[in-house]
Amino acid sequence: MPELPEVEVVRRGLEDHVVGRRIEEAAFIGARVTRRHRPGPVDLADQLRGNAVHGAQRRGKYLWLELEAPDGHRQGLVIHLGMSGQLLVEAAGAPRQSHLHATFDFSDGGPQLRFVDQRTFGGMALAELVPDGCLDDEARVGGGGKDPHRSDLPHSWGIPESITHIAPDPLEAAFHQDEVIARLKARHTAVKRGLLDQRLVSGIGNIYADEALWRARVHGERDAASLSKPALGRLVEHATAVMLEALGQGGTSFDALYVNVNGASGFFDRSLDVYGREGFPCGRCGTPIRREAFMNRSSYSCPRCQPRPRPAP
DNA sequence: CGTTCATCCTGAGAGC
DNA sequence: TGCTCTCAGGATGAAC
């Protein structure tokens with residue numbers, strides 16, 4: 001479940017079904033799912049045994065469980081769903097999925113948490129939690145602004161050390177739009193690259209980048225620095241808005257690969273304006289939506305509302 | 001420093 | 001039917 005809204009749907013599911021429980025036993029099928037945990041799957045299972053799950057947090061597309069070990073040591077279990085990862089809450093006796101990579105049993109004997117991942121780009125690893133101190137006070141002066149719709153998840157235990165390179169996402173209190181705009185304005189590269197760069201702003205993927213660009217009437221290959229700061233601001237605000245709308249619909253699901261912890265799909269695919277809509281009329285001007293290759297994947301846009309930059313490169 | 005490229009995987013669908 | 005080819009919500013590290 002790639003992008004921010006889908007990951008947030010999963011985080012909420014973890015909050016509802018996993019937080020407050022104690023891990024009795026974790027089991028890993030194969031080594032690939034724990035490849036980012038250097039000591040390996042056996043060590044991970046050993047370390048997880050007996051941990052209490054204090055919270056479920058998210059930054060961008062990364063999730064982590066806040067864990068407290070029996071000796072009081074606090075760590076984060078960082079989980080990334082990659083392209084096809086799912087976290088499912090099911091009875092331990094439920095049929096095993098063909099791409100099941102991990103199971104978590106809890107001391108209350110309730111439902112199991114499972115990690116299922118067809119393409120295995122996802123994974124999990126333990127990380128120490130460190131203070132989220134990226135910005136000094138001076139950097140905040142004149143920045144920030146109002147953020148009425150922020151969910152303000154308290155990262156009370158800090159950020160996993162392994163994802164400190166990931167920038168705050170637009171739904172966090174730590175998100176500073178003015179800083180993102182300034183950094184975009186300094187980039188001489190396609191603006192869509194900037195939207196997709198998780199070190200600049202996290203949570204945006206291929207779907208919501210294209211949707212935000214369409215709303216802002218900007219072609220993704222325009223040089224970021226060529227756009228005015230207000231235009232960049234509108235673009236970032238559209239990205240935030242479209243992800244919030246998608247979250248309200250339970251996320252975007254084209255197929256059964258993208259589901260919440262109960263296996264249910266979201267409905268935002270019905271509200272997409274350009275992504276995956278090659279040949280369909282633009283909702284604003286009626287021009288057929290085009291698909292172009294970009295960064296080894298596809299970009300969708302309206303040829304009329306989003307003209308390509310000057311000379312076709 | 002920033003940007004590109006290949007790579008990690010499996011399965012669905014198109015085209016032959 | 002069965003084969004091949006292309007494509008898919010992502011991140012990373014090496015190579016320019």
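The sequence lines fix the lettering, A, B, ..., with proteins before strands; numbering per chain opens at 1.
In terms of the side-chain contact (heavy atoms from CB on, under 4.5 Å) criterion, residue partners of V130(A) (sequence neighbours excluded) are, by chain and number, E161(A), T164(A). For R222(A), there are no salt bridge (charged side-chain N to carboxylate O under 4.0 Å, His left out) partners two or more places apart in sequence or in a different chain. In this view, D255(A) satisfies the salt bridge (charged side-chain N to carboxylate O under 4.0 Å, His left out) rule with no residue, not counting sequence neighbours.
dA8(C) atom C1' lies 14 Å from atom NZ of K61(A), rounded to whole Å. Atom CE in M83(A) sits about 9 Å away from atom P in dA11(C), given to the nearest Å. Rounded to whole Å, the distance from CZ on R36(A) to P on dA11(C) is 11 Å. Between I79(A) atom CD1 and dG10(C) atom P the separation is 18 Å, expressed in whole Å. The distance from atom CD of E6(A) to atom P of dA8(C) is 16 Å, rounded to the nearest whole Å. Rounded to whole Å, the distance from CD1 on I163(A) to C1' on dT12(C) is 15 Å. N296(A) has its CG atom 14 Å from the C1' atom of dC8(B), to the nearest Å. Distance CD (E278(A)) to P (dC7(C)): 11 Å, rounded to an integer number of Å.
By the 4.0 Å N-to-carboxylate-O rule, E245(A) lies close enough to R215(A) to be salt-bridged with it. Using a 4.0 Å cut-off between charged side-chain N and carboxylate O, R308(A) and E221(A) make a salt bridge. For the pair D178(A) and K229(A), the salt-bridge criterion is not met [side-chain N within less than 4.0 Å of a carboxylate O]. With respect to the salt-bridge test (charged N to carboxylate O, under 4.0 angstrom), the residues R32(A) and D117(A) do not qualify.
F294(A) forms part of a hydrophobic cluster together with L196(A), M295(A), judged by ILVMFWY side-chain heavy-atom separations under 4.5 Å.
dA11(C) and dG11(B): their P atoms are spaced 22 Å apart (whole Å). Look at the P atom in both dC9(B) and dC3(C): the space between them is 23 Å, to the nearest Å. The gap from the P atom of dC5(B) to that of dC7(C) amounts to 16 Å, rounded to the nearest Å. The same atom, P, is picked in dT6(C) and in dA6(B); the two are 14 Å apart, to the nearest Å.
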Report, one pair per line, the protein and nucleotides 14-16 of chain C atoms (nitrogen or oxygen only) whose separation is under 3.5 Å.
none

For nucleotides 9-12 of chain B, print each protein N/O atom paired with a nucleotide N/O atom at under 3.5 Å, atom names and distance only.
residue: dC9(B); atom: O2; partner: R119(A); partner atom: NE; Å: 2.9
residue: dC9(B); atom: N3; partner: R119(A); partner atom: NH2; Å: 3.4
residue: dT10(B); atom: O4'; partner: Q118(A); partner atom: O; Å: 3.3
residue: dT10(B); atom: O3'; partner: H99(A); partner atom: NE2; Å: 3.1
residue: dT10(B); atom: O2; partner: Q118(A); partner atom: OE1; Å: 3.4
residue: dG11(B); atom: OP1; partner: H99(A); partner atom: NE2; Å: 2.9
residue: dG11(B); atom: O4'; partner: Q118(A); partner atom: OE1; Å: 3.2

Between the protein and nucleotides 1-4 of chain B, which nitrogen or oxygen pairs come in under 3.5 angstrom?
residue: dT4(B); atom: OP2; partner: R193(A); partner atom: NE; Å: 2.7
residue: dT4(B); atom: OP2; partner: R193(A); partner atom: NH1; Å: 2.8
residue: dT4(B); atom: OP2; partner: R193(A); partner atom: NH2; Å: 2.5

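The side chain of S84(A) places no N or O atom within less than 4.0 Å of a non-bridging phosphate oxygen (OP1 or OP2) of dG9(C).
Glycosidic conformation at dG9(C) (O4'-C1'-N9-C4 for purines, O4'-C1'-N1-C2 for pyrimidines): syn, within 90° of 0.
Between the Q57(A) side chain and the L65(A) main chain, no donor and acceptor come within less than 3.5 Å of each other. The closest donor-acceptor contact from the side chain of Q198(A) to the backbone of I204(A) lies under 3.5 Å. Although no hydrogens or angles enter the test, the distance criterion places a donor-acceptor pair under 3.5 Å between the side chain of D71(A) and the main chain of H73(A). A donor-acceptor pair under 3.5 Å is absent between the side-chain atoms of Q47(A) and the main chain of L44(A), judged by distance alone. Looking at S202(A), its side chain does come within 3.5 Å of a backbone N or O of A167(A) through a donor-acceptor pair.
Of the residues in residues 200-208 of chain A, those placing a heavy atom less than 4.0 Å from an atom of DNA chain C are G205(A), N206(A), I207(A), in numerical order.
Map Y62(A) and D255(A) each onto its nearest nucleotide of DNA chain C; the residue landing nearer the 5' end is D255(A).
Applying the ring-ring contact (aromatic ring centres under 6.0 Å, His included) definition to pairs two or more places apart or across chains, those involving residues 31-56 of chain A are H54(A)-W157(A). Each ring-ring contact (aromatic ring centres under 6.0 Å, His included) pair with one or both residues in residues 81-100 of chain A, not counting sequence neighbours, would appear here, but there are none.
Note on F254(A) and M243(A): same hydrophobic cluster, where clusters join Ile, Leu, Val, Met, Phe, Trp and Tyr whose side-chain heavy atoms are under 4.5 Å apart, directly or indirectly.
Distance from the side chain of H165(A) is smallest for dT12(C) among the nucleotides dC7(C), dT12(C), dA11(C).
Base pairing in DNA chain B gives the following stems of 3 or more Watson-Crick or G-U pairs, range against range and under 3.5 Å: B:2-8 with C:10-16, B:10-16 with C:2-8.
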Could you go through residues 271-285 of chain A and list every donor-acceptor pair under 3.5 Å that involves a side-chain atom there, pairing it with any protein atom two or more places apart or in another chain?
residue: E278(A); atom: OE1; partner: R291(A); partner atom: NE; Å: 3.4
residue: R284(A); atom: NH1; partner: W214(A); partner atom: O; Å: 3.0
residue: R284(A); atom: NH2; partner: W214(A); partner atom: O; Å: 2.8

